[in-house]
Each structure stands twice: as C-alpha cells, then as structure tokens.
Amino acid sequence: MKNKNGFTLVELLAVIVVLGVIMVIAGTAVLSQRKKANIEEAKKIEKTLVDLGPGIYTYEKLNGSSEFMEKFNEGKTFKISQDNLISAGYLDGEIKNPSGNGTCDAYLVVDPSLSDEMFKGYIDCPNLYKTDGYGNNYESITLSSNN
C-alpha cells in the first residue's frame, strides 16, 4: 500500500463544492432574515408616525392652529406630509429607508370621524415596504411650527 501525503484534486473539488452549497443555503437564509428585519423597521417607523398624532393634536389645539383645528372640527380627513412634520419640528429629518436605499415617503393621515384609529401612518420605502394607498386622496395641511 502506498503512503499518501496529501489530498487528490477530486477530493479538494468535492470539499469546495460542498462548502459552496452550504454557503448558498446560509447566505439565502441570512438575506431573507435581513429583509424581514428591514420590513419590521419600516412598520415601526409607520407606528411612530401614528404615535405622533395625539401630541400634534394637543399642541395644535393648545396653540390654535387654524388650519389643523379647522379641518379637524369640520370632521374632514386630511394628511400631514413628512416635509411638514419636519418643518414643524415633529420629525428630526427625512425618514431613511431601512434597507439603505435612500429615503421613504411618509405622511400622517388624520380622520376625526374615527375615534379608535383617528391617526394613521403611511410609509413608502422603495423596494422594501409600502402601506396600502390609504390617504392618497386627502388634502394636505400645514402645521404651525412648535419650535
């Protein structure tokens, strides 16, 4: 019997193929989990927009914002754009896409006729997550600055 000092080319290729298959399976699982995490982050941002609603209502009511309170008292559904939330001081800056692909379009919809879900968030993060088109047809209002 011969004394073997190393591996044959076929053995090395077999190991490389097996490692390649394992990496493909693991890589796919990791990328899938990362996308799920990014979608969950976008949903949390949407929830944060909803959570801003009561504070905005209170501030605008106390400070007599005519446009906000006028629409609210008329029972009209309206939306507040991301840019307006930023300029009024409710958001620190544009909402970044959790997947790292630029920014997300977002706004807060206020529907005074609903007591349990008066505020709804809308977010559109390209190639990641988009809320159903709720709020697209509503008039946009301007908030007073709370600085």
Side-chain angles (χ1 to χ4, degrees), residues 7 9-147:
F7 299 104
L9 184 58
V10 173
E11 291 171 328
L12 288 174
L13 286 174
V15 169
I16 290 171
V17 167
V18 168
L19 288 175
V21 169
I22 291 171
M23 289 185 69
V24 166
I25 293 169
T28 303
V30 167
L31 290 176
S32 173
Q33 288 302 315
R34 185 173 181 187
K35 184 167 184 172
K36 284 181 186 176
N38 288 339
I39 289 171
E40 287 304 314
E41 180 66 22
K43 288 179 180 180
K44 286 180 186 176
I45 293 168
E46 182 180 10
K47 173 85 168 85
T48 299
L49 286 171
V50 173
D51 292 343
L52 283 174
I56 293 171
Y57 169 79
T58 302
Y59 183 84
E60 297 296 318
K61 185 174 182 177
L62 291 174
N63 291 302
S65 169
S66 59
E67 190 172 7
F68 181 93
M69 291 313 296
E70 176 184 315
K71 298 288 184 207
F72 190 89
N73 290 334
E74 290 174 3
K76 292 185 176 179
T77 302
F78 56 92
K79 67 182 178 181
I80 307 167
S81 71
Q82 174 180 209
D83 291 339
N84 194 251
L85 290 168
I86 292 168
S87 65
Y90 292 106
L91 290 177
D92 292 334
E94 288 186 320
I95 296 172
K96 304 278 189 249
N97 191 328
S99 67
N101 298 331
T103 60
C104 299
D105 183 29
Y107 53 84
L108 176 67
V109 174
V110 182
D111 187 349
S113 67
L114 301 173
S115 58
D116 55 338
E117 291 185 355
M118 188 181 307
F119 304 101
K120 293 196 184 253
Y122 171 89
I123 189 165
D124 181 2
C125 296
N127 302 319
L128 180 66
Y129 176 79
K130 179 178 181 177
T131 309
D132 294 338
Y134 185 85
N136 285 331
N137 301 322
Y138 298 117
E139 181 181 347
S140 189
I141 67 148
T142 303
L143 295 173
S144 59
S145 179
N146 70 5
N147 293 330

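Heads up: numbering here begins at 1 and tracks the sequence.
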Just checking F72 against F78, ring centres under 6.0 Å apart?
no

ring-ring contact (aromatic ring centres under 6.0 Å, His included) with Y107: which of F119, Y122, Y90?
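So the option named by the test is Y122.
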
May I ask you to check whether N97 and S99 show a side-chain donor-acceptor distance below 3.5 Å?
yes

Find the distance between [atom1] ([X]) and [atom2] ([Y]) and round it off to the nearest 0.5 Å.
X    : Y    : atom1 : atom2 : value
L52  : L108 : CG    : CG    : 7.0 Å
T142 : E67  : OG1   : CD    : 5.0 Å
Q33  : N38  : CD    : CG    : 11.5 Å

May I have the list of side-chain donor-acceptor pairs in residues 39-51 shorter than 3.5 Å, sequence neighbours left out?
unit_1	atom_1	unit_2	atom_2	d
E46	OE1	Y129	OH	2.9
E46	OE2	T131	OG1	3.0
K47	NZ	D51	OD1	2.8
K47	NZ	D51	OD2	3.4
T48	OG1	K44	O	2.9

For K71, look at atom NZ and say whether over 12 heavy atoms of other residues, nucleotides or ligands are found less than 6.0 Å away.
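Enclosed.
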
More than 12 non-hydrogen atoms from neighbouring residues, nucleotides or ligands closer than 6.0 Å to CG on D92, yes or no?
no

State, yes or no, whether a side-chain contact exists between [X] and [Y] at a heavy-atom distance under 4.5 Å.
X    : Y    : value
L91  : Q82  : yes
Y57  : M69  : yes
I56  : F68  : yes
E117 : D111 : no

Using every non-hydrogen atom in the two residues, find where C104 and P98 come nearest and quote the distance to one decimal.
SG-CD, 4.2 Å

Heavy atoms only: give me the nearest P112-M118 pair and the separation to one decimal.
CA-CG, 4.1 Å

N84 (side chain) donor-acceptor with L143 (main chain) under 3.5 angstrom
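At least one qualifying donor-acceptor pair exists.
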
